[in-house]
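Just so it is clear, the structure is predicted and the values come from calculations on it, not from any experiment. In what follows, every heavy atom counts, from backbone to side chain, and hydrogens, waters and symmetry copies are set aside.
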Amino acid sequence: MEAAASMQDHVKENTMVLAPLNGADIQERLRINVHTGRIFPSCVYISSYIEEPGVVLTGKPGKIIFGRDPAYPDHTPHELFRLFQKASIDYEWKEDANPAIWEKYIFIASFSLISAYSNRTLDEILEEPSLKKEVIGIMNEINSIALKKKIQLPDGIVELSLKKATMFPRGTQTSLQRDISQKKGRSELELFGGTILHLGKELGIPTPTTRKICQELERI
């Protein structure tokens, strides 16, 4: 978290921070370096990818979902609400944003890891039984971690996540797949595979599918 380290001296007690990245533990990662201010657990639902340096292509307008900072449970960011409304930014405030964050994470982490490993698109993964089985394996590992952390995901979350993948156009790639195939060096592998492995070890949850895929990706 280079950005967090660089901003720590500039964050005041009343500073509000949103970091709607793809990881499940972004708020906790930020807190390692940023010890003051309000950091709201958040995620964003939007279709976008980096076509080339400085060029980001997006699909339909997205929505920011965020909730209370556990360190400041009584603080409601009305200033942010007004800012988003004035800027016509779609948002949803939740008392607990973790279920929404993990619902997104179980989908994006699983498909990102398998698409990067196989260099296949979402539709190709769903059509290949062995790849689909590995996606389901990672989803089940993430779901077990979420349950151990007492994060309540919707019933049938694995089936719901698989169905979500069918709604994307044929040929859809993940950003991790593109980064790995183009050998960019920096990628979201740590946010996806690394987080699952770390939390699985910490909570005593076996993560054999994720471990196998990460080991393969490290060889690419």
Side-chain angles (χ1 to χ4, degrees), residues 1 3-8 10-50 56-112 139 142-161 163-165 167-168 174-175 188 191-192 195-196 199 203:
M1 283 287 182
S6 67
M7 64 187 275
Q8 61 179 329
H10 306 284
V11 175
K12 309 303 180 184
E13 189 68 24
N14 62 347
T15 300
M16 292 181 285
V17 179
L18 271 178
L21 304 177
N22 283 331
D25 60 346
I26 300 300
Q27 201 265 356
E28 293 92 335
R29 288 172 181 254
L30 284 174
R31 271 288 175 229
I32 294 173
N33 289 302
V34 181
H35 306 298
T36 59
R38 277 72 163 165
I39 303 176
F40 302 109
S42 60
C43 65
V44 61
Y45 280 83
I46 188 171
S47 174
S48 67
Y49 66 93
I50 299 174
V56 179
L57 300 183
T58 62
K60 62 183 180 180
K63 172 186 283 190
I64 295 175
I65 299 174
F66 63 116
R68 296 190 185 280
D69 181 346
Y72 299 89
D74 298 325
H75 178 248
T76 302
H78 295 288
E79 302 93 333
L80 275 182
F81 298 165
R82 290 191 291 270
L83 176 64
F84 287 161
Q85 290 163 5
K86 185 176 181 180
S88 298
I89 295 174
D90 193 9
Y91 73 93
E92 184 175 351
W93 169 257
K94 292 181 174 290
E95 291 297 315
D96 180 8
N98 280 313
I101 292 170
W102 279 78
E103 183 174 347
K104 176 181 178 180
Y105 186 72
I106 196 172
F107 169 81
I108 197 168
S110 302
F111 275 102
S112 292
M139 287 183 178
I142 296 172
N143 192 32
S144 295
I145 291 171
L147 289 173
K148 193 67 176 285
K149 289 174 67 66
K150 302 188 185 305
I151 296 169
Q152 190 61 49
L153 295 175
D155 293 337
I157 183 61
V158 171
E159 291 76 15
L160 290 171
S161 298
K163 183 177 181 181
K164 185 184 297 183
M167 300 176 185
F168 286 78
T174 67
S175 58
E188 297 169 305
L191 285 180
F192 296 144
T195 296
I196 298 168
L199 290 177
L203 299 171

Practice problem: State which residues pass salt bridge (Lys or Arg N to Asp or Glu O under 4.0 Å) with K164; sequence neighbours excluded, sorted by chain then number. | Solution: none
Practice problem: With sequence neighbours left out, write down each residue that passes salt bridge (Lys or Arg N to Asp or Glu O under 4.0 Å) with E92, or none if nothing qualifies. | Solution: K63, K94
Self-check item: Evaluation steps, side-chain contact (heavy atoms from CB on, under 4.5 Å), between Y105 and I196
Solution: CA-CA 10 Å; Y105 186 72; I196 298 168; 3.6 Å; yes
Practice problem: Enter the distance from L203:CG to I145:CD1 here, rounded to the nearest 0.5 Å. | Solution: 6.5 Å
Practice problem: Could you tell me whether the side chains of S112 and E188 share a donor-acceptor contact shorter than 3.5 Å? | Solution: no
Self-check item: Any residue meeting side chain to side chain contact (heavy atoms under 4.5 Å, CB included) with S42, in chain and number order, not counting sequence neighbours
Solution: L18, P20, F66
Exercise. Identify, with sequence neighbours excluded, every residue that meets side chain to side chain donor-acceptor pair (under 3.5 Å) alongside E13.
Key: Y72
Quiz prompt | Heavy-atom closest contact (A19 atom, L30 atom, distance) | solution = CB-CD1, 3.6 Å
Quiz prompt | Side chains of I39 and I26 in contact at under 4.5 Å (non-hydrogen atoms) | solution = no
Quiz prompt | From CZ (F40) to CD1 (I65), nearest 0.5 Å | solution = 15.5 Å
Exercise. Apply side chain to side chain contact (heavy atoms under 4.5 Å, CB included) to K12 and list each qualifying residue two or more places apart in sequence or on a separate chain.
Key: N14, T15
Exercise. Sequence neighbours left out, what passes ring-ring contact (aromatic ring centres under 6.0 Å, His included) with F81? Give chain and number order.
Key: H78, Y91, W93
Give every donor-acceptor pair under 3.5 Å between a side-chain atom in residues 95-103 and any protein atom, sequence neighbours left out.
residue : atom : partner : partner atom : Å
E95     : OE1  : R68     : NE           : 2.6
E95     : OE1  : R68     : NH2          : 3.4
E95     : OE2  : R68     : NH2          : 3.1
D96     : OD1  : N98     : N            : 3.0
D96     : OD1  : N98     : ND2          : 3.3

Self-check item: Approximate separation, where rounding is to 0.5 Å, of L160 CG and F107 CZ
Solution: 12.0 Å
Quiz item: Could you walk me through whether K104 and N22 pass the side-chain contact (heavy atoms from CB on, under 4.5 Å) check?
Solution: CA-CA 8 Å; K104 176 181 178 180; N22 283 331; 3.1 Å; yes
Quiz prompt | Which residues share a side chain to side chain donor-acceptor pair (under 3.5 Å) with S161, sequence neighbours left out | solution = none
Quiz item: Partners of T195 by side chain to side chain donor-acceptor pair (under 3.5 Å), sequence neighbours excluded?
Solution: R29
Quiz item: Taking atom CZ of R38 and atom OG1 of T36, what is their separation to the nearest 0.5 Å?
Solution: 9.5 Å
Quiz prompt | Atom pair CD/CG of Q85 and L80 - distance to nearest 0.5 Å | solution = 10.5 Å
Quiz item: In Å and rounded to the nearest 0.5 Å, what is the CD1 to CD1 distance from I108 to I142?
Solution: 10.5 Å
Quiz item: Is any side-chain heavy atom of I157 closer than 4.5 Å to a side-chain heavy atom of M139?
Solution: no
Quiz item: For F192, what residues pass the ring-ring contact (aromatic ring centres under 6.0 Å, His included) criterion, not counting sequence neighbours?
Solution: none
Quiz item: Taking only residues two or more places apart in sequence, or in another chain, which ones meet R31 in a salt bridge (Lys or Arg N to Asp or Glu O under 4.0 Å)?
Solution: D69
Quiz prompt | Counterpart residues, side chain to side chain contact (heavy atoms under 4.5 Å, CB included), relative to I89 (two or more places apart) | solution = I64, F84, A87
Practice problem: Work out which heavy atom in L153 is nearest to a heavy atom in A146; give both atom names and the distance. | Solution: CD1-CB, 3.9 Å
